[in-house]
Number of protein chains: 2
Amino acid sequence: MLTISCGLNLQYNPTFVIRKRSMDLREIIISSSKEAYQIYVPHISVDTVIFGFNGDRLTVLLLKMKFNEQWFLPGGYLKKDENLKSAATRILKEKTQLDHIFLQEFSVFSDLNRSEETFKDFPDDLWHKKRFISVGYYALVNYKNISLIADELSESCDWIFLHDLETLPIIMDHHKIIKKALSALRKQISYKPIGLNLLPEKFTLPELQKLYEAILGRSLNRGNFYKKIKNIGILKKLNEQRKGGAHKAPDLYTFDRENYFRILQNGISNW
Amino acid sequence: MLTISCGLNLQYNPTFVIRKRSMDLREIIISSSKEAYQIYVPHISVDTVIFGFNGDRLTVLLLKMKFNEQWFLPGGYLKKDENLKSAATRILKEKTQLDHIFLQEFSVFSDLNRSEETFKDFPDDLWHKKRFISVGYYALVNYKNISLIADELSESCDWIFLHDLETLPIIMDHHKIIKKALSALRKQISYKPIGLNLLPEKFTLPELQKLYEAILGRSLNRGNFYKKIKNIGILKKLNEQRKGGAHKAPDLYTFDRENYFRILQNGISNW
DNA sequence: TCAAAAGTGTTCACTTTACACCCATGT
DNA sequence: ACATGGGTGTAAAGTGAACACTTTTGA
């Protein structure tokens with residue numbers, strides 16, 4: 001089941017709606033700015049790159065701004081009483097309702113004029129107009145069973161195929177952030193197990209292989225992949241097959257959660 | 001040549017000096033706080049873990065606080081007109097005079113009550129008393145030919161052996177930061193060349209091996225190390241030997257800078 | 001029965017590991 | 001001469017890539 005619930009959905013007469021929207025929105029933003037000064041640490045933000053998997057290709061969760069139709073990553077600010085990991089966890093939960101997801105810090109983005117331009121038509125003391133140093137986290141989640149929730153700035157949110165990113169108008173340096181997250185993920189895949197949050201409880205090796213191929217962006221040899229993945233010791237073979245497809249029914253597996261999390265902590269071997 | 005110039009060196013009657021010191025220092029800190037508000041972005045700091053190598057063991061550059069005798073990492077704040085990498089570069093230069101050094105971001109430290117305690121006897125609006133989210137960078141530099149420069153807060157600065165860290169009083173979470181930097185460095189050593197800033201212009205393979213062993217914290221097999229390191233393609237064998245030692249004179253090498261920097265960018269292979 | 005996908009086995013090449021051997025040098 | 005460290009070679013074990021073969025299934 002894939003539900004997408006996306007806040008307001010104003011439509012009909014486009015020009016009227018856009019004007020109406022921007023007026024409401026302006027007030028919303030200005031009032032949220034005041035609140036932000038109370039709650040958050042200034043100049044620090046978190047951007048999360050949330051990867052999903054549709055069984056074939058990787059997607060990224062993006063939101064679409066109400067007032068300029070640009071796409072951007074789910075993000076937020078650091079509360080005065082939390083650390084960055086908590087902030088990233090909170091932001092992930094706000095957008096996807098998901099908890100207990102592996103979140104990995106991968107880089108900090110601190111260039112000048114990253115964010116200042118976006119709200120240039122607003123008062124100078126607007127919170128959002130400050131310079132922000134953003135800490136990037138990525139997560140891997142199961143594409144299905146997720147109710148996406150857009151925030152007050154966003155008219156919609158959606159899973160965007162990595163492949164389609166180039167064609168979208170994406171805000172600020174968020175395209176660069178996604179690329180860097182993907183690169184960090186590709187590095188991680190060689191020494192940390194991946195898949196627990198991306199695949200259903202029971203899955204087949206061909207499905208797992210598709211996931212690896214989607215992340216790495218290239219096809220892998222079946223026999224070699226099977227050998228390698230089984231060797232890691234994170235798989236439990238079930239006494240069931242996935243019936244219903246054409247052709248031979250593939251064996252079902254689950255993750256051996258104990259081993260999975262141990263290896264997630266320690267890395268796959270060498271270190 | 002190893003010169004260490006460390007600001008003031010007050011000594012003699014300890015109790016008197018400490019009192020005198022703390023009074024001067026208090027004023028210095030309070031005035032630097034005012035300046036800081038003008039120059040820096042609040043709540044963001046940079047800590048640099050600068051590794052050195054004495055030919056046998058790894059060291060870390062630490063400073064010693066004037067007013068509580070605790071050791072801490074060279075660090076600083078983010079100027080309003082620079083990004084984090086520039087800040088880290090600037091801080092490294094301030095302490096070591098060195099330029100063009102490879103600096104690697106490795107983690108962000110954002111826990112609550114990281115730094116607030118250190119200046120608890122100062123006014124509440126003191127810059128240093130704010131909550132700081134610190135971005136960690138590490139660097140590798142040649143232990144020799146460096147004039148260390150302590151700052152206004154520090155009575156001295158010194159290269160501390162990794163092995164001796166446990167015995168020193170180290171401020172805040174700086175011990176944790178060093179450990180994490182070392183762990184990142186150990187990961188990096190397997191896919192990026194290391195040594196250009198740590199060894200003299202001309203060096204021998206046994207020297208390079210000692211460096212690797214110091215970083216990894218374990219001994220390596222000589223023959224295998226030679227083969228592996230030569231295979232990377234970053235070494236140029238010179239037509240000279242290091243004379244003077246007992247036993248066979250070892251061959252001298254330099255780094256092939258072109259290859260070195262190319263591989264530093266792209267990683268050693270796989271990726 | 002057949003095409004297609006799943007699962008397993010085999011071969012070859014290459015890398016890693018362990019270790020042996022020779023070389024050069026100062027004492 | 002010999003102890004010590006430097007430099008190279010080699011065999012065994014392990015890993016990864018390519019590919020072939022068998023099995024299973026629905027059409």
Side-chain angles (χ1 to χ4, degrees), chain A residues 55-56 186-187 189-193 195 199-200 202-254 263 267-271, chain B residues 55-56 186-187 189-191 193 195 199-200 202-214 216-254 263 267-271:
Chain A
D56 184 43
R186 282 179 180 167
K187 270 187 193 154
I189 207 176
S190 67
Y191 66 95
K192 295 223 172 179
L199 295 173
K202 299 174 179 183
F203 56 89
T204 67
L205 288 190
E207 285 163 3
L208 186 59
Q209 183 177 350
K210 280 250 169 87
L211 169 60
Y212 271 73
E213 291 178 334
I215 291 174
L216 291 172
R218 63 189 172 90
S219 59
L220 302 171
N221 177 281
R222 182 162 34 99
N224 300 333
F225 176 77
Y226 281 32
K227 258 179 287 181
K228 196 167 175 177
I229 203 79
K230 284 179 178 176
N231 236 340
I232 299 174
I234 53 170
L235 295 179
K236 273 193 293 197
K237 187 171 182 171
L238 301 172
N239 237 330
E240 309 172 56
Q241 283 81 34
R242 162 104 66 233
K243 306 282 186 185
H247 318 303
K248 180 171 179 177
D251 299 335
L252 282 168
Y253 289 79
T254 40
I263 293 173
I268 271 170
S269 56
N270 324 6
W271 311 112
Chain B
D56 184 44
R186 283 181 179 165
K187 270 186 193 155
I189 207 176
S190 67
Y191 66 96
L199 294 174
K202 300 174 179 183
F203 56 89
T204 67
L205 288 190
E207 285 163 4
L208 185 59
Q209 182 176 350
K210 280 250 170 89
L211 169 60
Y212 270 73
E213 291 177 334
L216 292 172
R218 62 188 171 89
S219 60
L220 302 170
N221 177 283
R222 181 162 35 99
N224 299 334
F225 176 78
Y226 282 29
K227 258 179 289 180
K228 195 167 177 178
I229 204 80
K230 285 178 177 177
N231 236 340
I232 299 175
I234 52 170
L235 295 179
K236 273 195 291 196
K237 187 172 182 169
L238 301 173
N239 237 332
E240 309 172 55
Q241 282 82 35
R242 161 105 65 234
K243 307 279 185 187
H247 318 302
K248 180 171 180 177
D251 299 336
L252 282 168
Y253 290 80
T254 39
I263 293 173
I268 272 170
S269 54
N270 323 6
W271 310 112

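Since the model is a prediction, treat every value here as computed from it, not as a measurement. Numbers restart at 1 for each chain; the letters A, B, ... are given by sequence-line order, proteins then strands.
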Check: protein-nucleotides 22-27 of chain D nitrogen or oxygen pairs below 3.5 Å:
{"residue": "D:dT23", "atom": "O2", "partner": "A:Lys248", "partner atom": "NZ", "Å": "3.4"}
{"residue": "D:dT24", "atom": "O2", "partner": "A:Lys248", "partner atom": "N", "Å": "3.4"}

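When rounded to the nearest whole Å, the span between CZ of B:Phe225 and P of D:dT8 equals 14 Å. Straight-line distance from the CG atom of A:Asn221 to the P atom of D:dC19: 9 Å, rounded to whole Å. If you take CG of B:Leu235 and P of D:dG6, they are 16 Å apart, rounded to a whole angstrom. Rounded to whole angstrom, the span from the NZ atom of B:Lys228 across to the C1' atom of C:dC14 amounts to 14 Å. Across the protein-nucleic acid pair, B:Tyr212 atom OH and C:dT16 atom C1' stand 16 Å apart, rounded to whole Å. In this entry the distance linking CD of B:Gln209 with P of D:dG5 reads 13 Å, nearest Å. Between B:Leu220 atom CG and D:dG7 atom P there is a gap of 16 Å when expressed in whole angstrom units. B:Lys227 places its NZ atom 11 Å from the P atom of C:dT15, with the value rounded to the nearest Å.
Nearest heavy atom pair, residue B:Asp251 against residue B:Tyr253, reads O-CD1, 3.7 Å. What you find for B:Glu207 and B:Leu199 is that their closest heavy atoms are O-CD2, 4.4 Å. Nearest heavy-atom pair across B:Tyr212 and B:Leu220 is CB-CD1, 3.8 Å. Residues B:Pro193 and B:Ile234 approach most closely at CB-CD1, 3.7 Å, considering heavy atoms.
Comparing B:Lys237 and A:Asn224, the nucleotide of DNA chain D nearest to each residue sits closer to the 5' end for B:Lys237.
Rounding to the nearest 0.5 angstrom, the gap separating the CG atom in B:Leu205 from the CG atom in B:Leu211 is 12.0 Å.
For A:Lys230 and C:dT8, the shortest distance from a side-chain N or O to OP1 or OP2 is below 4.0 Å.
Under 3.5 Å, the side chain of A:Arg222 and the base of C:dA5 form no donor-acceptor pair of N or O atoms.
Side-chain contact between B:Leu252 and B:Thr204 is present, with at least one heavy-atom pair separated by less than 4.5 Å. Between B:Pro250 and B:Phe203, the closest side-chain pair of non-hydrogen atoms is not below 4.5 Å.
Out of C:dG7, D:dT8, D:dC19, the shortest distance to the side chain of A:Pro206 is found at C:dG7.
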